[in-house]
Amino acid sequence: MNKKTLLSLFDNATSRDWQDWRWQLKNRFTKISHIKKLFGEDFSHTRILDKITGIYPMAVTPYYLSLIKNNISDDPVAAQCIPDMREITLGQKYPEDPLEEDTKMPVPKLIHRYTDRCLALVTEVCAVHCRHCNRKRFWAKPKSGNFKTRLGGFIRYLEKSPQIREVIISGGDPLIYDDEKLESILAGIKTVRSVEIIRIGSRAPAVMPMRITKNLCRILKRYRPLWFNTQFNSPAELTADAARACNMLQEAGIPVSNQAVLLKGVNDSEDKMRALLYGLQKISVRPYYLFHCEPVKGCRHFRTSIESGIKMMENLRRECSGLALPQYVADIPGKAGKIPLVSISSSTKAEMRKFQYFFDNFT
Ligand code: SF4
């Protein structure tokens with residue numbers, strides 16, 4: 001689906017509008033009927049049903065939709081943003097919150113799971129609803145509440161918790177906010193003397209790269225040391241726009257790392273994964289983690305087996321430079337950290353088997 005066709009759907013829209021992140025947000029595709037119209041025949045495929053969006057709403061920026069180049073049922077970008085029948089037919093016994101994040105919030109929306117760092121969920125809203133998201137539970141009823149109250153709660157908790165030296169600003173996607181609001185979050189968190197490092201987790205470079213503006217980079221630069229973690233899952237997402245966005249962050253002195261998710265049909269072959277990792281390296285984005293897809297309700301069809309993931313990464317390890325290799329890990333409830341999955345020991349395997357749903361025993 002090319003940019004010109006998509007622009008022609010909007011009255012008087014120009015290329016300049018296309019490069020404006022607010023225009024992208026305002027004009028997100030949220031209705032299956034629009035997608036049907038765009039993709040025609042291909043859309044009669046059973047994966048596309050209106051009733052899915054009643055449970056897991058759809059939201060796709062025109063930019064991200066323009067990255068779909070293949071038949072919709074065989075495209076790594078479509079797989080990540082177009083609803084799929086299997087979201088409501090497979091893995092229905094999986095939990096909605098497998099890491100039990102909601103039980104680890106000492107104050108609303110702040111997850112404190114590790115001693116020295118915490119995750120501040122500043123919003124439930126995202127530019128694109130990634131169909132594999134492990135926080136799909138937020139989409140149905142986004143409870144944004146009062147922004148100032150939420151931020152105030154974070155700051156008060158951080159002031160009482162000097163062991164926290166790193167705050168990860170996440171969501172949702174924090175870059176959904178405008179510069180002013182985002183700066184109020186950064187400034188608020190920086191008032192806490194014990195916070196040394198801020199990390200931002202955002203998919204904007206992949207799904208709405210025009211959000212990375214000069215002004216945003218100027219703001220972020222003021223709050224260094226600040227690290228930026230993003231999520232590219234397919235080489236199809238590594239466009240010139242995405243490369244420009246990452247480069248702008250890097251030129252502002254902000255290291256950009258990638259946390260991909262291993263997704264069936266998107267990046268679960270050696271060729272696709274190699275192309276993603278080499279592509280990231282070429283734009284100076286560090287492949288940091290490859291997460292095993294969590295057993296989240298509505299995401300079963302994305303999950304590969306751990307064994308096939310290990311085999312793929314071990315084969316890539318034999319041929320790729322260490323700089324291109326992320327750590328393949330699984331997040332497990334109740335564990336203090338992420339478990340590395342390459343060269344996994346038999347005792348670790350046995351331990352993981354306790355968490356049966358990690359081995360796809362549910363239908
Ligand atoms: S941007 Fe992140 S939080 Fe938002 S839907 Fe995608 S994976 Fe989930």
Side-chain angles (χ1 to χ4, degrees), residues 21 24-25 28-30 52-53 55-61 63-65 67-68 76-84 87 94-99 101-102 105 109-111 119-144 150 168-177 182 185 199-212 228-234 236-237 242 245-246 256-267 276 285 288-303 326 329 331:
W21 68 273
Q24 289 282 339
L25 261 190
R28 290 184 302 167
F29 290 87
T30 56
I52 304 167
T53 55
I55 301 167
Y56 301 120
M58 180 180 77
V60 194
T61 54
Y63 166 82
Y64 199 61
L65 204 66
L67 306 188
I68 299 177
V77 173
Q80 293 180 71
C81 67
I82 305 293
D84 187 304
E87 291 175 48
Y94 281 170
E96 291 193 317
D97 177 15
L99 297 181
E101 291 182 332
D102 292 348
M105 293 183 184
K109 303 297 174 187
L110 183 138
I111 303 170
L119 199 68
L121 306 178
V122 297
T123 177
E124 285 76 38
V125 183
C126 296
V128 167
H129 285 176
C130 311
R131 308 317 296 181
H132 57 276
C133 179
N134 63 359
R135 297 198 183 116
K136 273 176 133 163
R137 64 189 187 278
F138 288 176
W139 304 350
K141 314 170 216 107
K143 299 180 205 95
S144 42
R150 190 185 295 199
I168 302 155
I169 298 175
S170 182
D173 194 324
L175 264 56
I176 204 89
Y177 286 138
L182 199 61
I185 297 170
R199 218 196 295 181
I200 290 184
S202 166
R203 269 210 101 184
V207 301
M208 193 174 62
M210 43 294 283
R211 175 65 189 95
I212 312 301
F228 196 102
N229 279 0
T230 190
Q231 187 197 126
F232 291 103
N233 294 317
S234 163
E237 297 166 336
C246 294
V256 185
S257 302
N258 194 60
Q259 303 194 150
V261 186
L262 179 59
L263 301 171
K264 195 183 269 180
V266 174
N267 57 17
L276 171 65
V285 172
Y288 176 38
Y289 280 131
L290 172 65
F291 284 104
H292 190 70
C293 184
E294 284 169 24
V296 180
K297 188 173 178 185
C299 299
R300 170 68 182 86
H301 59 294
F302 283 112
R303 281 165 59 74
V329 295
D331 235 338

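Along the sequence shown, residues are numbered consecutively beginning with 1. In listed order, ligands and their atoms are each counted from 1.
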Aromatic rings Trp139 and Tyr56: how do their planes relate, parallel, tilted or perpendicular, breaks at 30° and 60°? perpendicular

Any ion pair linking Arg137 and Asp102 (charged N to carboxylate O, less than 4.0 Å)? yes

Which residues and atoms, counting only protein N, O or S, are under 2.8 Å from atom 4 (Fe) of ligand 1? Cys126 SG

Across all chains, not counting sequence neighbours, the side chain to side chain donor-acceptor pair (under 3.5 Å) partners of Asn267 are none

Closer than 4.0 angstrom, basic N to acidic O: yes or no for Lys297 and Glu87? no

Distance only, no hydrogens: is a donor on one side chain within 3.5 Å (strictly under) of an acceptor on the other, for Tyr94 and Glu294? no

Going by atom types alone, do Gln80 and Asn233 pair a side-chain donor with an acceptor below 3.5 Å? yes

